[in-house]
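Contents: one structure, followed by commentary.
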Amino acid sequence: EVQLVESGGGLVQPGGSLRLSCAVSGFTFGSYSMAWVRQAPGKGPEWVSTVYNDGGATTYAASVKGRFTISRDNTKNTVSLQMNGLKLEDTAIYYCATVDLDPDYWGQGTQVTVSS
């Protein structure tokens with residue numbers, strides 16, 4: 001079955017860094033783009049970033065561009081999100097998700113809390 005397992009979340013001060021990872025199994029990972037989505041308390045889900053399957057091009061939400069970097073390793077079936085310069089507004093549960101898998105899947109999420 002499809003499995004997506006996020007890890008790496010935690011509590012960090014503003015300006016700090018975290019690296020999130022997502023281990024993927026159950027489908028042909030290299031054939032699909034992957035995304036990170038987050039959901040802050042009391043808010044709906046927000047797309048953060050996508051890394052595409054065809055060459056690994058990346059896109060970012062304006063709110064994180066220049067601070068976050070998404071990457072994938074198709075030999076290890078993992079997708080990562082390096083988060084630098086964290087802000088209070090980045091506090092959310094972060095999910096990795098498939099793109100166009102029909103249907104798509106999300107992992108269980110990992111909590112990121114930015115607090116002073």
Side-chain angles (χ1 to χ4, degrees):
E1 75 277 17
V2 173
Q3 295 281 342
L4 300 91
V5 181
E6 299 96 334
S7 62
L11 176 64
V12 65
Q13 291 186 319
S17 297
L18 286 172
R19 185 176 178 87
L20 308 183
S21 295
C22 178
V24 175
S25 62
F27 64 99
T28 305
F29 176 74
S31 297
Y32 292 91
S33 301
M34 296 292 298
W36 285 95
V37 179
R38 67 187 182 186
Q39 188 163 11
K43 300 179 66 176
E46 176 190 20
W47 169 75
V48 174
S49 182
T50 297
V51 58
Y52 295 95
N53 65 306
D54 52 344
T58 60
T59 58
Y60 299 90
S63 58
V64 307
K65 187 174 295 184
R67 300 187 297 120
F68 291 10
T69 303
I70 190 172
S71 61
R72 67 188 298 159
D73 187 338
N74 288 350
T75 69
K76 301 185 183 299
N77 285 13
T78 59
V79 57
S80 299
L81 185 69
Q82 178 66 45
M83 306 186 297
N84 299 326
L86 284 162
K87 304 175 179 179
L88 269 61
E89 66 189 27
D90 295 319
T91 295
I93 302 175
Y94 284 71
Y95 303 89
C96 64
T98 64
V99 178
D100 293 333
L101 186 57
D102 195 26
D104 289 318
Y105 295 84
W106 292 24
Q108 85 288 349
T110 185
Q111 176 71 50
V112 172
T113 302
V114 184
S115 177
S116 60

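This chain uses plain numbering: 1 for the first residue, then up along the sequence. The structure presented is a predicted model; accordingly, all values stated were derived computationally and were not measured.
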### Query
For D100, does the CG atom have more than 12 heavy-atom neighbours from other residues, nucleotides or ligands under 6.0 Å away?
no
4.5 Å side-chain heavy-atom contact, [X] and [Y]:
X	Y	answer
I70	T50	no
V64	E46	no
L11	S115	yes
P14	L88	yes

### Query
Applying ring-ring contact (aromatic ring centres under 6.0 Å, His included), which residue pairs with at least one partner in residues 33-54 are found, sequence neighbours left out?
none
Please check if the side chain of [X] supplies one atom and the backbone of [Y] the other of a donor-acceptor pair under 3.5 Å.
X	Y	answer
E1	G26	no
T98	Y105	yes
R72	F29	yes

Looking at [X] and [Y], what are the two nearest heavy atoms and their distance?
X	Y	answer
T91	A40	O-CB, 3.5 Å
S49	L81	CB-CD1, 4.5 Å
S17	Q82	CB-NE2, 4.1 Å
F68	R38	CE2-NH1, 4.1 Å
T110	L20	CG2-CD2, 4.0 Å

#### Entry: Selection residues 20-34 - residue pairs positive for side chain to side chain donor-acceptor pair (under 3.5 Å), sequence neighbours left out
S33-N53
### Task
Indicate if V2 and M34 have the same hydrophobic cluster label, given that clusters are the connected sets of ILVMFWY residues with side-chain heavy-atom separations under 4.5 angstrom.
yes
### Query
side chain to side chain contact (heavy atoms under 4.5 Å, CB included) with K76: which residues, sequence neighbours excluded?
D73, T78
#### Entry: Straight-line distance of Q108 CD to E6 CD, nearest 0.5 Å
4.5 Å
### Query
Linking Ile, Leu, Val, Met, Phe, Trp and Tyr through side-chain heavy atoms less than 4.5 Å apart, which residues share a cluster with V5?
none
### Query
How does the hydrophobic cluster around V37 look, that is, which other residues are in it when side-chain heavy atoms under 4.5 Å mark a link?
I93, Y95, W106
### Summary
Taken in chain and number order and not counting sequence neighbours, the residues that satisfy salt bridge (Lys or Arg N to Asp or Glu O under 4.0 Å) with R19 are none
### Task
Give the intermediate values and the outcome of side-chain contact (heavy atoms from CB on, under 4.5 Å) for residues M83 and V12.
CA-CA 11 Å; M83 306 186 297; V12 65; over 6 Å; no
